[in-house]
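Proteins get letters first, then strands, A, B, ... in listed order; numbering begins at 1 in each. What you see is a predicted model; the values in this text were computed from it and never measured.
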Amino acid sequence: MYWSRTLIPTARQAPADAQIASHQWMIRAGLVRQIAAGVYDWLPLGWRAMQKICAIIRQEMDATGAQELHLPALLPAQWWKQTGRYADYGPLLFKVKDRRDTEMILGPTHEECVTELVKAYVGSHKQLPLILYQIQGKFRDEARPRNGLLRVREFFMKDAYSFHSSAESLHETYQAMYHAYVRIFRRCGVSAVAVEAESGPIGGEASHEFICPCAAGEDVMVRSEDGAYAANLERAGRAIFAPLTLATAAAAPPAPLQRVPTPGAATMQQVGQMLGAPPQHMIKTLVFVAGKDAPRPWVLACVRGDHEVNEAKLRHVAGSVELAPAEPARAAGLIIGFVGPHAANTIPAQLVIDPDVLALPTAIAGGNEVDWHVKNFNWRHHLHPAAAQRAVVADIRNAVPGDRSPAGSPLTFSKGIELGHVFKLGTRYSQALGATYLDENQQAQAIIMGCYGIGPGRILVAALETLCDADGINWPMSIAPYQVVITPIQYEGRARQVADQLHAELVTRGVDVLLDDRDQRPGVKFKDADLIGIPLRVVLGEKGLAAGQAELKRRGEKGPVMLPLANLAAAVDERVRKCLAEATL
RNA sequence: CGGGGCGUAGCUCAGCUUGGCUAGAGCGCUUGGUUCGGGACCAAGAGGUCGCAGGUUCAAAUCCUGUCGCCCCGACCA
C-alpha cells in the first residue's frame with residue numbers, strides 16, 4: 001500500500017477527552033474515531049490490526065475443532081425473557097421495538113440464540129460434542145462508557161459455545177479452550193494471567209478470566225506470593241484462621257448496649273469520626289432481600305466497618321440476593337444506615353456474619369433507629385437465641401491486603417484488563433430453552449454447555465497500554481497493521497525506483513508493506529512511522545543507495561542494520577518471518 | 001443514577017467575570033517559492049449554525065432559563 005492513497009489521519013495532539021494512553025495513541029495514530037460515548041469508527045489502520053487479531057483467534061479456534069458461524073445482532077426479546085436474563089441484565093440491555101411493536105434486543109452475548117439453533121438441529125448424543133463460535137459486534141447500554149476503547153457500548157467479541165452430553169466432555173473442551181486462549185494471547189504479544197473468576201449473571205459453575213496486568217485496567221486480580229493462587233477480586237478467597245462460631249465467639253464482660261446519638265451519620269466514616277472510633281471496631285450491616293418471590297426474606301450481611309461485602313460470596317451462603325431498597329426495609333424496621341445485627345432479634349431476618357466481624361468482642365453497631373448507634377455490642381450477649389440459630393458465619397467480604405490465600409500465602413493486589421473469559425455453563429440455558437438430546441437409552445437430557453469469550457478490541461487496547469513508548473505504538477509483528485514501512489528519504493530518482501521495486505516484491509511475498517511515498521520532509525515520515533508503530537522500517541537514503549545499501553530498523557531498537565540492495569526483499573521477508581516465529585513460541 | 005467539569009475552525013485552546021467594530025491564536029489544510037536524515041521557513045489563502053432552543057437587551061460567544069452532547073469521580077457492570 002502506498003501511504004499517499006491511505007486514510008491514516010495522524011495527529012500531533014490527542015483530543016482532551018482521551019485520558020488513558022491507549023486511547024490517546026489510538027486517536028493520534030489514526031486507528032479509531034469517536035462517534036458518541038462508547039461508539040467508535042474503526043479506521044483502516046485500526047481495522048487491519050483488529051483483523052490480524054481476529055485471524056489469530058480464528059486459527060486457534062479452528063484448531064480446537066470449533067466452527068465459525070454468524071448470528072444476528074438483532075434478537076427476539078422473548079428468548080431473553082425465557083432464560084430470565086431480560087430482567088437480570090436490566091438497563092444494560094439495548095432494547096428496541098420493530099414497527100409491529102415486537103420487542104427486540106441488540107445482543108450483548110448469544111447464549112440464547114445459539115442454544116435455540118442447537119435445539120433446532122441437534123437431537124442425538126451422536127451429534128455431540130459440538131463447538132460453534134462467532135466473531136461479531138455486540139452491544140451493551142453501559143451506564144458509563146469510559147477509558148477509551150476499554151468500556152464501550154458497541155464492541156467486537158469472539159464467543160464460542162460448546163455442547164456436550166457429559167461433564168467429562170465439557171471439561172475436555174474447557175481445557176482445550178483454556179490452552180487455546182493461552183496461545184492466542186501469547187501470539188498477539190500481550191501478557192495474560194489466568195485467574196479464577198465468578199461466572200456472574202451468565203450463570204454456571206466454573207470459570208477463569210484472562211487478565212492483562214496494567215494500571216489502566218478496571219479489574220482487580222488477587223495473586224498469592226507463592227504463585228499458586230490467582231483469582232479476581234470478586235472470587236478471591238482467603239484463609240480463615242481459628243474459625244469462630246456464634247457459640248465460640250468472644251464473650252466480653254457483660255455490658256449493656258449503650259445508645260449513642262449519631263445524627264445524620266449513616267456511613268462508617270461519619271460514625272467513626274463522630275464517635276472517635278476506627279471502622280475496624282465497628283459492625284457494618286447491609287440489608288439484602290433473598291429469593292425471587294414475595295415475601296422476600298431479609299438477609300443481614302455483617303462485616304467489619306473497614307471491609308466490603310462481596311455479593312457473590314454472600315450468594316454462595318444465602319442464595320440469590322440483592323441489596324434491599326431503602327423504603328420497604330425502613331417500613332419493616334430496618335433503617336438503612338442505622339441497622340445493627342440485633343435487628344434480627346425482632347425481625348425474622350437471617351444474619352450472615354463474616355468471621356472478622358464476629359471476632360470483635362465489643363463493637364459499635366447501628367442502633368436500629370434513625371440517628372442512633374450503639375456501643376458495647378457483643379455477639380454472645382446481644383443476640384437472642386432465635387436470631388443466633390438462624391445466623392450463618394461465612395467469608396462474605398472482599399479480600400484485602402494483609403489477607404492470605406486459602407493455602408496461607410500473602411495476597412497481592414493488582415489491576416488488569418479482562419481479555420477473555422471461559423465458563424462452564426452446565427444446563428442453565430438448555431433447560432430454560434428446552435434444548436435436549438436423546439441419550440443411548442432414548443432418554444431426553446438437557447445439553448451441557450460451555451462458553452468462551454474474547455474481546456479482540458481489548459487485546460488491542462492491552463497491547464497499546466503495555467507496549468507504547470514516548471514516540472508511539474510498538475506493535476508486535478503478529479498484529480501490526482503493516483509489518484514493514486519503506487521510507488525513502490526523497491521519493492524520487494533511484495530511491496523511488498528501489499522503493500517501488502521493494503514494495504512490489506514484498507507484496508508478492510505476502511508481506512504487509514506500506515510505502516511512504518508522500519512528499520514530506522524525512523522528519524515527518526520518521527515521526528509518523530514511529531507513531532503508527534510499524535515493526536520494521538526500511539530507509540532508502542542517498543548515501544546508502546550510493547553504497548548499494550538500505551537501512552533496516554526494528555521499531556524500538558536503537559540502530560539500523562545495513563543490508564545490500566541485492567536480495568533486499570528476501571532479507572526483509574526473512575526478518576518478518578523470524579519475528580512472527582518468535583511470537584508463536 | 002449522585003457529584004464535578006467542559007461544549008468557540010479538523011485538533012489544542014484564548015475571548016465570557018464587566019454584553020458593543022469584521023470572533024482570535026498555534027497546529028493541521030490549500031496555493032506559490034525556498035528547503036529536505038527526526039514533526040522546516042517565507043508569502044498568500046480557505047475554513048465558524050460560538051452545541052441547540054427560548055428569553056432579557058438598541059445590541060448576546062458573553063447575561064438568564066431550558067435542553068442535548070462529551071469527559072472525569074462514584075454507584076453499577078459476562
Item to check | Qualifying residues under ring-ring contact (aromatic ring centres under 6.0 Å, His included), relative to A:Y2, sequence neighbours excluded | outcome: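 If we apply the ring-ring contact (aromatic ring centres under 6.0 Å, His included) test to A:Y2, skipping adjacent residues, the hits are A:H503.
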Next on the checklist: Under the rule for ring-ring contact (aromatic ring centres under 6.0 Å, His included), what residues qualify as partners of A:Y40, not counting sequence neighbours?
Outcome noted: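 For A:Y40 the ring-ring contact (aromatic ring centres under 6.0 Å, His included) partners, ignoring immediate neighbours, are A:H23.
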Just how far, in rounded Å, is [atom2] of [N] from [atom1] of [X]?
{"X": "A:N147", "N": "B:C73", "atom1": "CG", "atom2": "P", "value": "6 Å"}
{"X": "A:K527", "N": "B:G28", "atom1": "NZ", "atom2": "P", "value": "14 Å"}
{"X": "A:R151", "N": "B:C71", "atom1": "CZ", "atom2": "P", "value": "14 Å"}
{"X": "A:Q34", "N": "B:G10", "atom1": "CD", "atom2": "P", "value": "16 Å"}
{"X": "A:R33", "N": "B:C11", "atom1": "CZ", "atom2": "C1'", "value": "12 Å"}
{"X": "A:H421", "N": "B:C77", "atom1": "NE2", "atom2": "P", "value": "15 Å"}
{"X": "A:K553", "N": "B:G38", "atom1": "NZ", "atom2": "P", "value": "13 Å"}
{"X": "A:M157", "N": "B:C77", "atom1": "CE", "atom2": "P", "value": "18 Å"}

Taking only the [atom1] atom of each, what is the distance from [N] to [M] in whole angstrom?
{"N": "B:G74", "M": "B:U65", "atom1": "C1'", "result": "29 Å"}
{"N": "B:G37", "M": "B:G69", "atom1": "C1'", "result": "45 Å"}
{"N": "B:G32", "M": "B:C68", "atom1": "C1'", "result": "45 Å"}
{"N": "B:G55", "M": "B:C6", "atom1": "C1'", "result": "24 Å"}
{"N": "B:A46", "M": "B:G38", "atom1": "P", "result": "34 Å"}
{"N": "B:C11", "M": "B:G4", "atom1": "P", "result": "28 Å"}
{"N": "B:G7", "M": "B:C13", "atom1": "P", "result": "9 Å"}
{"N": "B:C42", "M": "B:U49", "atom1": "C1'", "result": "35 Å"}

Next on the checklist: Quick check on contacts: within residues 515-522 of chain A, what sits under 4.0 Å from RNA chain B by heavy-atom distance?
Outcome noted: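 Under 4.0 Å from RNA chain B: A:R521, A:P522.
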Next on the checklist: Which residues in residues 12-24 of chain A have a heavy atom closer than 4.0 Å to any atom of RNA chain B?
Outcome noted: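 RNA chain B contact set from residues 12-24 of chain A: A:R12, A:Q13, A:A14, A:P15, A:A16, A:D17, A:Q19.
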Categorize [X] for me: base, sugar-phosphate, or nothing, with a 4.0 angstrom heavy-atom threshold over every strand shown.
{"X": "A:E551", "result": "base"}
{"X": "A:I489", "result": "base"}
{"X": "A:I27", "result": "nothing"}
{"X": "A:Y452", "result": "nothing"}
{"X": "A:E142", "result": "nothing"}

Checklist entry - Is the ring centre of A:Y181 less than 6.0 Å from the ring centre of A:H179? => result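 Between A:H179 and A:Y181, which both carry aromatic rings, the centre distance is not below 6.0 Å.
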Next on the checklist: Which label fits A:W42 and A:W47: parallel for a plane angle under 30°, tilted from 30 to 60°, or perpendicular past 60°?
Outcome noted: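 Ring orientation, 0 to 90° scale: tilted.
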Checklist entry - Once the angle between the rings of A:H208 and A:Y174 is folded into 0 to 90°, is it parallel (under 30°), tilted (30 to 60°) or perpendicular (over 60°)? => result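 Geometry flag for A:Y174 against A:H208: tilted rings.
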Pairing partner of [N] (Watson-Crick or G-U wobble, both distances under 3.5 Å):
{"N": "B:C1", "result": "B:G74"}
{"N": "B:U49", "result": "none"}
{"N": "B:U30", "result": "B:A44"}

Item to check | Minimum-distance nucleotide to A:V539 side chain [options: B:G37, B:C70, B:C73] | outcome: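 Nearest listed nucleotide: B:G37.
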Checklist entry - Choosing from B:C70, B:A75, B:G38, which nucleotide comes nearest the side chain of A:A143? => result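 Between B:C70, B:A75, B:G38, the one nearest the side chain of A:A143 would be B:A75.
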Check [Y] with [X], please: is the shortest side-chain N to carboxylate O separation under 4.0 Å?
{"X": "A:D517", "Y": "A:R496", "answer": "no"}
{"X": "A:E142", "Y": "A:R151", "answer": "yes"}
{"X": "A:E68", "Y": "A:R58", "answer": "yes"}

Next on the checklist: Tell me if the side-chain of A:R144 makes a donor-acceptor pair with the base of B:G3, cut-off 3.5 Å, by modelled atom types.
Outcome noted: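 Donor-acceptor pair under 3.5 Å: no.
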Item to check | A:Q175 CD: over 12 foreign heavy atoms closer than 6.0 Å | outcome: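 Yes, CD of A:Q175 has more than 12 neighbouring heavy atoms, counting only those of other groups under 6.0 Å.
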Checklist entry - When you match A:G541 and A:G455 each to their closest nucleotide on RNA chain B, which lands nearer the 5' end? => result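 Going by which nucleotide is closer to the 5' end, it is A:G541.
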Item to check | A:K158: partners by salt bridge (charged side-chain N to carboxylate O under 4.0 Å, His left out), with sequence neighbours left out | outcome: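 For A:K158, no residue satisfies salt bridge (charged side-chain N to carboxylate O under 4.0 Å, His left out) once neighbours in sequence are set aside.
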Next on the checklist: Filter on side chain to side chain donor-acceptor pair (under 3.5 Å), then keep only pairs touching residues 27-38 of chain A, sequence neighbours left out; what's left?
Outcome noted: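 Those involving residues 27-38 of chain A do not exist here.
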